[in-house]
Amino acid sequence: MLKIHFSGEDILRTRVAPAADPVWELVLSLHALQGRNRDPLTSSWRRTVSRELRQDAASEQLKLLFALNPPRGYFPDFLTPYASVEGFEAGLDAVRSTPVELLRRDLGVLAAETPLPSSAAALARGDVGVLHHLAESMEQYRSLAIGPYWHRIQAAVAADRARRARALLDGGVEGLLTSLRPAMRWEGGVLEVRDYPHHRELHLDGRGLLLVPSFFCASTPVALLDPALPPVLVYPVDRLGGLAPADGTAPDATGAGRDSLAALLGRTRAAVLQASDDGCTTGEVARQLNISPAAASQHATVLRNAGLLVSHRDRNRVLHTLTPLGRAMLDA
């Protein structure tokens with residue numbers, strides 16, 4: 001179990017990352033690809049990416065990146081720098097400029113658990129060429145495995161952020177932390193991650209906590225090993241039915257998806273879509289549109305099946321938020 005201890009100042013400084021973190025998604029997707037996370041919602045993605053990696057000559061250049069991210073156990077903190085909250089390029093710049101002492105320490109921990117290629121020794125010495133090669137490998141992998149699916153990853157994270165924003169408005173930061181159940185429990189100034197693989201105590205010491213919602217995070221939230229680094233907790237989000245590439249070839253773009261889109265015609269559903277712009281519960285939709293809760297739920301189901309809404313149940317209410325596709329349709 002991981003226990004994260006908050007002071008009053010820590011509560012004030014706790015926040016949710018502004019968007020999907022591209023570096024965390026990249027690293028955690030490597031674990032999913034190699035079998036750390038066998039979620040059936042990513043099975044099609046794993047098959048497609050594995051096939052393309054075998055066909056892509058660049059896959060030989062990715063060996064070090066894969067070696068640093070074994071299917072199980074520890075992976076280096078320096079691969080997911082705090083700067084990635086500002087975007088992929090900022091994260092890569094931080095990786096390229098990782099201090100030698102951090103490289104040596106992280107790779108020493110990793111080498112104690114898993115064999116590493118010879119290039120890891122040069123990396124541990126801070127070899128600039130190897131660091132740049134590693135960053136280039138991350139770019140290559142991202143373009144193949146993350147880029148085509150980024151809209152779905154963003155949609156899942158955006159939906160979770162809307163859910164957390166609602167919890168924050170209703171209950172403050174303590175309401176936000178309480179909303180992270182059942183994977184976590186907030187009680188008495190301590191956030192407990194129940195299924196964490198090791199027993200750890202993390203004291204924030206006034207630094208606050210950055211919560212990072214992640215598509216590729218497995219069922220157990222992830223924290224950095226080094227307690228001296230800015231505190232980050234990555235947690236899983238609802239995957240909204242899995243991954244689909246941006247070219248529209250996904251199952252939800254054909255068959256039942258087309259039927260659902262055809263069923264959207266009508267003023268009431270357009271009004272439900274509008275009401276969900278900033279997040280809205282089924283009861284709130286019903287009150288705004290002067291329709292029954294059953295009718296509001298039915299319309300929301302059609303919109304959700306068409307990929308325009310996502311819905312999250314929290315106790316006895318369901319919160320609906322727009323997907324990127326739903327927002328684009330609303331704007332149009």
Exercise for review: Count the heavy atoms belonging to other residues, nucleotides or ligands that lie under 6.0 Å from CG of Asp195, then report whether that count exceeds 12.
Suggested key: no
Practice item. Starting from the C-alpha separation in whole Å, work towards a yes-or-no answer on side chain to side chain contact (heavy atoms under 4.5 Å, CB included) for Arg15 and Leu211. Key: CA-CA 6 Å; Arg15 64 191 181 107; Leu211 294 163; over 6 Å; no
Review point. Does Arg166 reach the main-chain N or O of Leu319 with its side chain, forming a donor-acceptor pair under 3.5 Å?
Key: no
Review point. Looking only at heavy atoms, which two atoms of Ala17 and Val85 are closest? And how far apart?
Key: CB-CG2, 4.4 Å
Practice item. Begin from the C-alpha positions of Arg105 and Asp226 and carry the test salt bridge (charged side-chain N to carboxylate O under 4.0 Å, His left out) through to its verdict. Key: CA-CA 10 Å; Arg105 186 206 61 194; Asp226 185 356; 2.5 Å; yes
Practice item. Taking the six-membered ring of Phe215 (Phe, Tyr or Trp), confirm whether the NZ or CZ of Arg152 is under 6.0 Å from its centre and within 45° of its axis. Key: no
Check your understanding: Would Arg194 and Glu192 satisfy salt bridge (charged side-chain N to carboxylate O under 4.0 Å, His left out), going step by step from the backbone distance to the final call?
Key -> CA-CA 6 Å; Arg194 299 180 177 182; Glu192 296 180 350; 5.2 Å; no
**Study point:** Steps toward side chain to side chain contact (heavy atoms under 4.5 Å, CB included) verdict (Phe88, Ile146)
**Key:** CA-CA 12 Å; Phe88 186 64; Ile146 303 296; over 6 Å; no
Exercise for review: Determine, using ring centers only, whether Phe75 and His31 are less than 6.0 Å apart.
Suggested key: yes
Point to revise | Side-chain donor-acceptor contact under 3.5 Å, Ser29 with Tyr141 | key: yes
Review point. Looking at CD of Glu52 and CG of Leu144, how far apart are the two atoms once the value is rounded to the nearest 0.5 Å?
Key: 4.5 Å
**Study point:** Heavy-atom donor-acceptor pair, Asp106 side chain to Pro76 backbone, under 3.5 Å
**Key:** no
Check your understanding: Would you find a donor on one side and an acceptor on the other, under 3.5 Å apart, between the side chain of Glu284 and the backbone of Thr281?
Key -> yes
Check your understanding: With side chains defined as the heavy atoms from C-beta onward, is the minimum distance between Glu89 and Glu139 less than 4.5 Å?
Key -> yes
Check your understanding: Do the side chain of Asn69 and the main chain of Leu65 share a donor and acceptor less than 3.5 angstrom apart?
Key -> yes
Exercise for review: Mind running side chain to side chain contact (heavy atoms under 4.5 Å, CB included) on His198 and Leu2 for me, showing each step along the way?
Suggested key: CA-CA 7 Å; His198 309 290; Leu2 170 63; over 6 Å; no
Practice item. Determine the minimum heavy-atom distance between Gly206 and Arg13, stating which atoms define it. Key: O-NH1, 2.9 Å
**Study point:** Distance-only donor-acceptor check, side chains Arg164 and Ser179, under 3.5 Å
**Key:** yes
Practice item. Determine, step by step, whether Trp24 and Val222 satisfy the side chain to side chain contact (heavy atoms under 4.5 Å, CB included) criterion, reporting the C-alpha distance in whole Å, the side-chain angles of both residues, the deciding distance to 0.1 Å, and the verdict. Key: CA-CA 10 Å; Trp24 269 107; Val222 179; 4.0 Å; yes
**Study point:** Backbone of Leu110 reached by a side-chain donor or acceptor of Thr114 within 3.5 Å
**Key:** no
Review point. Going by the angle between their ring planes, with limits at 30° and 60°, are Phe216 and Trp45 parallel, tilted or perpendicular?
Key: tilted
Review point. Within the side chain of Ser84, is there an N or O that forms a donor-acceptor pair under 3.5 Å with the backbone of Thr80?
Key: no
